[in-house]
Amino acid sequence: ALHHALPRSFAQCDQQARAFAIDAEVFRAGGRDQHFGAARRDQPCRGGVLFQPVAKALIGQVDERQGAGADKAFGDLIPLLRRNRQIAVDIADPLGNIGTFRMNHLHPPFNDVRVRRALNMAIDRAAFIGTLLPEGTEQAVAMFPPTTQGANPDVKPWAFDLEGAKALLEEARADGVPVDAEFTLIARTENFPGVTEVMEATLQMLQDAGFNAKLQMFEVADHERFYSKPYPADRGPYVLAAMHDNNKGDPVFSMFFKYDSEGRQSGVSDPGVNQMIAEASAATGDERARKWSDLVAHLHDEVVADVLLW
């Protein structure tokens, strides 16, 4: 789960100010009271800090206190902020959004599982944690958090393996797969704080592995054209960066939508996956949890349906 935080560096002051000005978009990781933001709203790149509970900000009830006077109001959140008075922080639990890259399995080169595996192996997910993403960010293995019934603890995040990714691309190239074709990594501006820097770093990792990729950032309305069906037919191959929030306690709120051939935001076209989704959706109790768990492993390890990030 991605634990949102404004970047620790205040080098991009304008971006920081814009991000904090739209709290409802930046800090929408479940809307729980423990989600907390802090920033100097009037002068985000200078000394001092104003404290603001995001849960209240989302409904327009802003409660601000300055300096040590905030201790009483915010309890044990304050020690985190005292480490650096010029950071902006959001504390999130594992019920936050899941970051993903979606590919259309019908379009070359992503119709070849070796290319999808190479994409996963080329990204050093751990390198982002504690740098561009805050400490405590968890690598994802499913489209829903590990607290959900049906999660599979035996499925492990993809290990970073640059040479392995290169080897898979070479193998696919030798078999005629157009791995040298250019594709676009599409992401959404303001999707989460620091999204541009995260995408730029990811692009470099993909290029290092041998992918012919470029990055394009879109605002919400334009991003939606690529996010939901019908997908644009006048574009070449692309990988779509997106975030998904399912803290409702059951995978059904994610699995059909994201992985069934008829799912509105699915890149997968696999009759076996469709059948597994239907069977799990119809099951109850322990059998339901087991079927979802089996599907998680199948999608992650065998189908390689997408790139699950954090």
Side-chain angles (χ1 to χ4, degrees), residues 1-5 7 96-105 107 109-143 145-146 155-173 177 179-188 191-217 223 226-227 237-244 258-259 267-268 296-297 299-310:
L2 178 56
H3 295 188
H4 298 309
N97 293 329
I98 305 296
T100 70
F101 289 166
R102 188 197 68 210
M103 314 150 257
N104 192 329
H105 293 204
H107 292 175
F110 306 119
N111 59 337
D112 192 292
V113 69
R114 292 169 294 189
V115 176
R116 302 196 297 271
R117 290 185 185 277
L119 270 173
N120 274 281
M121 295 162 64
I123 299 172
D124 187 355
R125 294 161 176 79
F128 291 91
I129 300 173
T131 53
L132 293 176
L133 301 176
E135 296 287 354
T137 297
E138 300 176 14
Q139 298 183 47
V141 297
M143 195 64 77
V155 177
K156 304 303 180 186
W158 285 87
F160 173 58
D161 184 354
L162 181 60
E163 295 307 314
K166 291 179 178 180
L168 283 174
L169 289 182
E170 286 298 326
E171 180 182 314
R173 181 183 291 109
V177 179
V179 298
D180 296 316
E182 183 181 65
F183 68 87
T184 306
L185 174 59
I186 294 175
R188 201 191 93 191
N191 200 185
F192 59 88
V195 60
T196 301
E197 292 79 4
V198 169
M199 293 303 143
E200 288 173 346
T202 302
L203 177 68
Q204 185 61 59
M205 292 176 183
L206 296 178
Q207 292 173 340
D208 289 346
F211 286 103
N212 183 10
K214 64 180 181 180
L215 174 64
Q216 193 164 6
M217 305 290 296
H223 184 269
F226 302 96
Y227 192 30
Y238 65 89
V239 171
L240 185 83
M243 301 191 74
H244 177 65
K258 298 294 186 180
Y259 295 116
V268 180
V296 166
L299 289 169
H300 187 274
D301 297 338
E302 304 299 328
V303 177
V304 193
D306 45 19
V307 178
L308 294 161
L309 296 167
W310 311 280

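Just so you know, these numbers come straight off a predicted model, no measurement behind them. We use all heavy atoms of the structure for the numbers below, so side chains are in, but hydrogens, waters and symmetry mates are not. In this chain, numbering begins with 1 at the start of the sequence shown.
A 4.5 Å side-chain heavy-atom check between F101 and L119 finds every atom pair outside the cut-off. Side-chain contact between V179 and E170 is absent, with no heavy-atom pair separated by less than 4.5 Å. Contact annotation: the side chain of L162 never approaches that of M205 to less than 4.5 Å [non-hydrogen atoms, C-beta and beyond].
To the nearest 0.5 Å, atom NZ of residue K166 and atom CG of residue L168 are 13.0 Å apart. To the nearest 0.5 Å, the span separating CG on D306 from CE on M103 amounts to 6.0 Å. Between R188 atom CZ and M243 atom CE the span is 9.0 Å, to the nearest 0.5 Å. Between the OH atom of Y238 and the CZ atom of R102 there is a distance of 5.0 Å, given to the nearest 0.5 Å. Atom NE2 in H244 sits 10.5 Å away from atom CG in L308 (nearest 0.5 Å). One distance of note links CZ of R125 with CG of L133; it measures 12.5 Å at 0.5 Å rounding.
Heavy atoms only, all atoms of each residue included: F211 and A122 are closest at CE1-CB, 4.4 Å. Taking both residues in full, the closest heavy atoms of A305 and H105 are given as O-NE2, 2.8 Å, listed atom of the first, atom of the second, then distance. Taking each heavy atom of T202 and I123 in turn, the nearest pair found is CG2-CD1, 4.0 Å. A pairwise comparison of heavy atoms in V304 and V113 identifies CG2-CG2, 3.7 Å as the closest pair. Contact record, N104 with F110: O-CB, 3.7 Å, taken as the closest heavy-atom pair. Heavy atoms only, all atoms of each residue included: I129 and G136 are closest at CG2-N, 4.3 Å.
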Practice prompt. Go through V198 and W310 one step at a time and tell me if the side-chain contact (heavy atoms from CB on, under 4.5 Å) criterion holds.
Written response: CA-CA 12 Å; V198 169; W310 311 280; 3.8 Å; yes

Discussion item. Please evaluate residues Y259 and L299 with respect to the criterion side-chain contact (heavy atoms from CB on, under 4.5 Å), reporting the C-alpha separation (whole Å), side-chain torsions for both, the decisive distance (0.1 Å), and the verdict.
Written reply: CA-CA 9 Å; Y259 295 116; L299 289 169; 3.5 Å; yes

Worksheet item: Under the side-chain contact (heavy atoms from CB on, under 4.5 Å) criterion, do Q139 and W158 qualify, and how do the steps go?
Response: CA-CA 9 Å; Q139 298 183 47; W158 285 87; over 6 Å; no

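For Q207 (side chain) and A213 (main-chain N/O), a donor-acceptor pair under 3.5 Å exists by modelled atom type. Without hydrogens or angle criteria, R114 side chain to A167 main chain gives no donor-acceptor distance under 3.5 Å. Distance alone, capped at 3.5 Å, is enough to place a donor-acceptor pair between the R117 side chain and the D301 backbone.
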